[in-house]
Amino acid sequence: MAVDQRKLITVMKQSVSDIDLRYPGYHKDLFDFVAQIVFLEREHEQRATQIKNKVGDKVSALGQVIYKKSKDL
Amino acid sequence: MIQIHAAHFHNFRLLRDVKVTFSRDPNKPLTVIRAENDTGKTTLLTGLTWALFGDKALPGDKRSSFRLHPIDWDRTQSSTVKTRVEVTFAAVDEESGEEVVYEIERSSSESLIDEDNYEVGPTNVALLRHTPQGVEPVDNTSAILESLLPSSLKDIFFIDGDRALAFIEATDLERVKRDRVGKAVRALLGLDLLDKASGHVQIVRQEIVGNIKKLGAGTEIERLLERYEKLESTKQELLDKESSILSDLEATDQRWRAARQNLDEALLAGAQNHKKLKYDLERSESNLESARKDEIEKYQRHRNLIGFSRMLFELAPKHIQTAAQILGDLESKKVIPNVLPTVIEDSLKSGFCICGTELSVGSKQRAVLERLHEETHQLDEPKERLRELNESAKRIFRSSSNDDSAIGSLRSSYSSILETKKRQTELESEVGDLRARIRGMGEFNLTELERTLAQEEKEKNRLRFEAGKNDQELKEVIKQLSSIERERTELERKVAKLTGERSKEAAAVDILGVLTATTEYLKGETIDQISDKMNEIFLSMIVADTDSGAVIRKAVLTRDNDIEVFGPGNRRLEPDTDLNGASRRALTLAFILALVEVSGYRAPNIIDTPLGMMGTEVRQAVVRYAATHASQLIMFLTGSEIVGVEDLLDQYAGESITFTNSAHFPTKLVNDPRTGRMETLVCRCNHRQRCELCKRRVGSLDFGDN
Ligand SMILES: [Zn+2]
């Protein structure tokens, strides 16, 4: 609510770039998934959702991308 | 931006039926509720927070720990008390100015059992939204409320002046105090959203870690895999060795074949000579044998030629002729051979003589004959000699009639024997020669060829043994591999799953890293902003305080969530001991107002007794600052707090009301409200006005206290 969206995105992108690269293009994927999770949390604030499962799905999805991409390496 | 329009309380403790309207005028954002102690200020604050935030906003944090019904409720009228608070508020989109009005109604009931005991009923909440079509209920009430008014903001926007001091006072452990400040900061920044996300990701991560542990934490699988890999590499080594041995074996076999061929060829070349020699030898040996046999036969014949009687005849022919004549005579006279004994024997056997005489046993004739038989027997030997001689004589004469010369035969026989002997000697020499030649043949280069062949043969055998051993090991390894192979599908499935889970954990860890880093960065940056703002507000508030203003130089919010105050020479002051009550309150307010301002979040600030213990100048500074910075400011002020700030209230207050407790008659009230019960009564008197209802006794106890 209080944190300016643009500011949040800037800081999140900076934080993402500090994470070790797991494969080329990982930072973009990681940022997308974190943003999706934050979006889900915001949605959950508006109306109660199965937030834990939804976050779990996102984590699994990113995990699968890591699994596939690192297997290809 | 959230704005509260109005609130209506029914049977909420002292507030039996109290309606309050709040100012929404941006130029006069202040609502002043003049209320002395024990007139329902704190109750109003609690009622508002209960309506907006629910049971957890009640003192004790839960419904059952806090009585709602009026303490002096008349059980005889009704044993069940229904409590209800209605609040009308608006969510205003600050960009578009669009306003959505909500009505929230929270209610509960309590059944009074006796003077001291009551039962608590459930709490119900209803949220309505105003639309052009009318008022409609909102689903998902708690979630919507949480998004409009996050419960974490309660302590920042709804401030009990005394309780707010907890932010700075050493009444709690340092950690608790910091935690309270930290929580306020995070809540205000909306970092709680990121915190919640972190919490959810953390839960997901725990589940993943659990899955990984369930899969054996890798150790068992890794060990099996390691074994499999090891066996695979051993198998490869053995296969390599096998192919190397087989290629060696093939090479050795080729060399062996070559050696054998060489030997065979050598043998074949040698054997053709050998065969001929052998044949010659055999023939010579056979000839030698024949020659020897021939000699033996010739000797035999020669010996026969040299017979006794013949020789005798050759040597004494006249004597033999005479003897032959005599012997012939004896034969013709039947002297020889001796036949008489045979005749006598026949007669004796038959019992009759040849003459016819009976020869009965014991007869004279028989006795004569028996004597004769005796006598003739005595002549047997000489007569036999004579007979032999007679026969010999007859043979000599017969043979000599056929042969010219016995001596000539002997001579020729003997020369034949000599010939044979000579032939034998020749043949013996021939055989000896052949044998020597055959023996000599084997010596030439066969030995070297045979040695080479034997060597290759040995190498072949060694390699075959090696190959066999290798094959044995290979079979063992393959056996072990195949036993693992059975588990392998399962194993690989597990490994894939494990790797998958590890990837998921990596994802969770990275997401958490991003969320935490983002939160920490924003928090740090924000804390610095709050710190600066707090310092600015605080210093502007206390500047007029001649005591504190001279002592306090700076207030700081550290990144560890400590609020620190510094005096001249950067000397650190203890808020508890080095600051007076006014400064402590000012510092608390400065912190809260700084939080609110930095957050950019615009909601009503509701402050209970903010100005207590402050000097007039400080109170003025606080009111001025709060009124000019808040979007909506609701202040509960006692009469003594109002003293000296009336002009400011004239300027900023869009709404002013006064609370009166009916029970304060006659001690503090001039007139009896005549309600017959203890309750808060509201009149529209502002900070300068008094009516019959709110008129208080001069010098009553509430004057001068906070
Ligand atoms: Zn009045």
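These numbers come from the heavy atoms of this one structure, side chains and all, not from hydrogens, waters or symmetry mates. All chains are named by letter (A, B, ...) in the order of the sequence lines, taking the proteins before the strands, and each is independently numbered beginning at 1.
- For the pair A:Val59 and B:Arg205, the minimum side-chain heavy-atom distance is 4.5 Å or more.
- No option in A:Glu41, A:Lys54, A:Lys52 other than A:Glu41 meets the side chain to side chain donor-acceptor pair (under 3.5 Å) test with B:His200.
- Under a cut-off of 6.0 angstrom, the local environment of CZ in A:Phe31 is crowded, with over 12 non-hydrogen atoms contributed by other residues, nucleotides or ligands.
- If you measure heavy-atom distances from B:Leu194 to chain A, the contacts under 4.5 Å come from the side chain alone.
- At a 4.5 Å heavy-atom cutoff, the contact between B:Val514 and chain A is made by backbone and side-chain atoms alike.
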Exercise for review: Before giving the answer on side chain to side chain contact (heavy atoms under 4.5 Å, CB included), spell out for B:Ile203 and A:Val55 the whole-Å C-alpha distance, their side-chain angles and the decisive distance to 0.1 Å.
Suggested key: CA-CA 10 Å; B:Ile203 290 168; A:Val55 170; over 6 Å; no
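- A:Lys7 is listed as a side-chain neighbour of B:Leu522, based on a closest heavy-atom distance under 4.5 Å.
- The two residues A:Ser15 and B:Thr518 come nearest to each other via the heavy atoms OG-OG1, 3.1 Å.
- Of the two parts of B:Glu207, only the side chain, counted from C-beta on, holds a non-hydrogen atom closer than 4.5 Å to a non-hydrogen atom of chain A.
- Between A:Asp20 and B:Asp510 there is no side-chain heavy-atom pair separated by less than 4.5 Å.
- Only the side chain of B:Leu515 comes within contact range of chain A, with heavy atoms under 4.5 Å apart.
- Heavy atoms from other residues, nucleotides or ligands lying under 6.0 Å from CD of A:Gln50 number 12 at most.
- Only the side chain of A:Tyr26 has a heavy atom closer than 4.5 Å to any heavy atom of chain B.
- Note that the CD1 atom of A:Ile66 and the CZ atom of B:Arg502 stand 14.0 Å from one another [nearest 0.5 Å].
- Residue B:Glu501: no heavy atom, backbone or side chain, is found under 4.5 Å from chain A.
- Per-residue heavy-atom pair counts under 4.5 Å with chain B were compared for A:Leu40, A:Ile51, A:Asn53, and the maximum is reached by A:Ile51.
- Residue B:Leu148 does not touch chain A at all, counting heavy-atom pairs closer than 4.5 Å.
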